[in-house]
Amino acid sequence: MLRRLRQSVRLKLFVLMLATTLVALVVAVAALVVYDSEDYHDRLVTDLTTQADILGRSSVAALAFDDQAAARENLALLKVRPSIREAAIYNDAGVLFAAYAAEGNTEPAVPAKPAFNGSRVQGDDIILFHRIVESGRERGTVYLRARYELTNRLLDYLRILGAVSALSLLAALLISAFLQRGITQPILDVTDVAHSVMKTRDFSRRAHRTTEDEIGYLVDAFNNMLAEIGRRSEALLKADRMKDQFLAMLAHELRNPLAPISNGLHLLEAAGAKPEVAVQARAMMARQVKQLVRLVDDLLDVSRITTGKLTLRTAPVELHSVIDNAVEIAKPVIDTRRHQLDVDYPEAPLHLQGDATRLAQVFSNLLNNAAKYTPPGGAINLTAVVEGDWVEVSVVDNGIGMTPTTVNEIFEMFTQANTAIDREQSGLGVGLALARYLVEAHGGSIEATSAGVDQGSRFVVRLPLAREGQPRPDAPAPVEPAVASGHRVLIVDDNRDFAASLAMILRDMGNEVRVEYDGLEGLSAAEAFQPTIAFLDIGLPGISGYELAKRMRAIGLDEDSILVAVTGWGQKDDKARSTAAGFDYHVVKPLDPAELPTILRAAAEHRARHRT
Amino acid sequence: MKRARIGVSRRVAVSAMRACAGVLLALVFALYAFGIPDARAQAETDRALEQRVKAAFLYRFADFVVWPESAFAKPDSPLVIAVVGADGVAEHLRTLTSGRTVGGRPIEIRRVGASDPVPAAHILFISGSDRTRMREILRSGPRNSLVVTEVDGALDQGSVINFVIAEDRVRFEISLESAEKRGLRLSSRLLAVARSVRGNP
């Protein structure tokens with residue numbers, strides 16, 4: 001019952017009504033009983049007093065002339081009042097003069113003399129002594145004992161309460177049945193729809209609004225929420241589909257360069273005496289590896305954007321060099337597809353505040369995009385014009401163009417035109433999304449337009465120009481003499497191939513290199529070898545890279561020594577951790593060999609500073 | 001203080017009446033049956049008791065009788081109770097009524113000798129069984145008197161209330177006719193305790 005009550009609004013409503021009615025009834029009856037019991041008492045006392053007075057007055061003569069028989073006759077008249085169980089008359093001296101007991105009262109207990117004047121309740125009876133006073137003289141006292149029927153009256157009230165409760169129960173039933181239509185039914189309707197939606201996952205269902213009250217509002221809100229959920233679940237499904245497509249494509253894209261690389265290896269093995277084949281094979285492998293790195297870089301960027309970790313290294317930037325860089329990056333694709341690229345920008349330098357690399361990435365992405373979606377031999381124009389405080393860079397091609405729908409979605413992550421002309425160059429579908437993100441991060445905007453399919457596309461990037469007086473980009477610092485050799489380098493990494501290849505490169509650069517594959521061996525090697533630079537993997541067997549770094553510092557490694565953390569984890573927290581552990585540098589795998597000279601030079605400078 | 005004293009004296013009277021009236025007739029009978037001097041002495045005492053009861057009754061009748069306005073000269077004229085030939089009763093009455101009033105009137109007790117003229121009394125008690133004297137007084141007596149007698153058949157002679165002894169108690173009978181003739185109105189409560197009432201109630 002209680003469970004049902006918790007689960008049914010209808011039952012709650014009914015119980016509520018019943019409870020309210022009952023409480024009202026009980027309160028009313030209680031008030032009535034309190035009032036009535038007082039009233040009953042007062043009326044009874046008045047009545048008995050009157051009775052006693054009449055009895056007394058009619059017995060004055062009997063008392064005066066000592067006529068007990070007459071007094072008894074007077075008292076005998078009380079038999080018409082069965083509630084009076086006994087009565088007596090006392091003379092003026094307080095001596096019992098005449099007594100009376102009602103029929104059935106087998107044990108009359110008439111007091112020998114008046115005990116008090118007035119009335120008192122004694123058990124189930126009320127006792128009254130009333131003085132007879134006439135012509136200013138006390139003539140005697142009348143005594144009455146009557147039933148005090150308060151208990152009976154209370155029982156009567158309880159019976160009435162019971163009957164009325166039963167009636168009100170019925171009334172509550174009827175009223176709740178009536179209210180059902182106005183309150184419960186709309187709620188039940190909504191509940192039904194909710195049930196069916198939960199069961200069938202059909203978010204297109206709607207509850208019917210029947211009332212204008214809060215429930216009506218609830219129904220509207222419910223319907224709106226259903227619509228919202230429907231939209232969201234659709235969006236989720238779409239996102240999920242896109243993610244699946246993306247994964248499939250990612251696998252495909254990552255797999256593509258691997259076959260040529262694998263072939264290249266075979267060629268290298270078989271090349272032997274034919275150096276020209278080896279040269280070709282290496283060139284091909286280098287291209288494919290570059291493509292792989294580009295894909296993974298894109299992926300990393302996507303991951304940074306979605307986790308909000310992408311940060312710009314803002315500095316004064318000159319747009320010409322940015323565009324030149326971008327053209328340089330995109331050049332191979334453009335050339336491969338035999339496109340004609342025209343670049344046109346004002347001669348005066350255009351100064352911006354931004355991240356040069358990222359801005360170059362934006363334009364190279366746009367150029368790549370144009371190259372990919374334009375049939376071979378197409379024309380691509382990159383034009384920069386100044387518009388007030390803004391510079392507008394547009395990339396226009398005469399390629400496959402876009403439908404209006406595609407224009408709307410083109411900047412979404414993982415979105416691609418269905419018909420990529422060169423699947424091999426299709427990429428991950430994140431280039432434009434990245435471009436938009438980066439442009440907006442620079443406080444700019446990007447816009448795509450197309451006259452239609454096969455009508456070409458136009459992408460316009462608007463970026464704010466730096467105000468006059470803002471710092472200009474410094475002239476490129478003169479290249480310092482390379483001090484990338486002569487180091488004692490310790491490499492600790494359980495990835496033997498990586499460790500060996502890194503050791504080879506470093507030896508080639510003219511350094512003394514030692515390699516260890518687990519943490520503890522690395523520690524003892526560090527003690528014996530006293531490296532000036534140590535490349536330490538973080539995920540090591542034995543002890544972790546953090547721990548290793550701490551212990552290496554603890555055993556008194558040369559203070560000038562540089563510790564480089566080499567890890568797959570590149571988030572801020574990881575960097576903070578490695579710094580805390582005593583690392584000087586944090587390098588994210590894969591370690592680009594091109595970065596090595598920088599690190600080595602930095603190490604040399606570091607040592608030099610320390611010595612002075 | 002005054003009330004308390006009255007209460008005590010009344011209580012004495014009533015308890016005496018209650019205690020003795022019951023045995024009165026038996027003792028009188030015994031007195032005549034055996035003629036013992038002690039018994040005669042006892043009878044004397046009983047006679048005194050009877051007189052005391054009758055005195056009390058005479059006084060109390062006043063509460064149940066309404067005299068015509070003309071019976072009193074002034075609003076505060078005394079209520080006169082005359083006792084013919086029963087000094088004992090008169091004596092008791094005097095004791096009983098001293099300091100008391102009836103309806104705001106003082107009470108005056110008058111003893112009337114056997115040959116004295118009958119005064120204008122409101123209550124006139126004719127004691128004894130001398131019917132001739134009684135008839136004489138009844139004929140010539142004051143007009144608005146409540147005449148009380150103690151002789152069988154006195155009601156026929158014009159008496160209003162007549163004492164009788166019934167069941168060893170002093171009771172009385174009433175003639176409404178006589179009361180009416182004398183311009184007196186008797187309370188129905190008085191009629192209710194009378195042994196018998198003659199005439200229309």
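In what follows, every chain begins at residue 1, and chains take the letters A, B, ... in the order their sequences are listed. Every heavy atom of this structure was used, including side-chain atoms; hydrogens, water molecules and symmetry mates were not.
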Exercise. In terms of heavy-atom proximity below 4.5 Å to chain B, should Glu73(A) be classed as side chain, backbone, both, or neither?
Worked result: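 Neither the backbone nor the side chain of Glu73(A) comes within 4.5 Å of chain B.
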
Aromatic ring pairing Phe65(A)/Phe64(B), orientation class (parallel under 30°, perpendicular over 60°, tilted between)
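Tilted: the ring planes of Phe65(A) and Phe64(B) meet at 30° to 60°.
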
| request: Show the numbers, then the answer: is there a side chain to side chain contact (heavy atoms under 4.5 Å, CB included) between Thr101(B) and Arg137(A)? | output: CA-CA 11 Å; Thr101(B) 56; Arg137(A) 285 216 315 274; over 6 Å; no

Going by an N to O cut-off under 4.0 Å, is there a salt bridge joining Asp67(A) and Arg171(B)? yes

Next on the checklist: Check this for me: does any side-chain nitrogen of one of Asp66(A) and Arg60(B) sit under 4.0 Å from a carboxylate oxygen of the other?
Outcome noted: no

When every non-hydrogen atom of Val193(B) is compared with those of Ala70(A), the smallest separation belongs to CG1-CB, 3.7 Å

Looking only at heavy atoms, the pair that brings Arg189(B) and Arg57(A) closest together is NH1-O, 2.6 Å

Which portion of Phe172(B) sits near chain A, non-hydrogen atoms under 4.5 angstrom
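Just the side chain, heavy atoms under 4.5 Å.
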
Within a reach of under 6.0 Å around [atom1] of [X], are more than 12 heavy atoms found that belong to other residues, nucleotides or ligands?
X: Tyr35(A); atom1: OH; value: no
X: Arg135(B); atom1: CZ; value: yes
X: Arg43(A); atom1: CZ; value: yes
X: Arg153(A); atom1: CZ; value: yes
X: Asp156(B); atom1: CG; value: yes

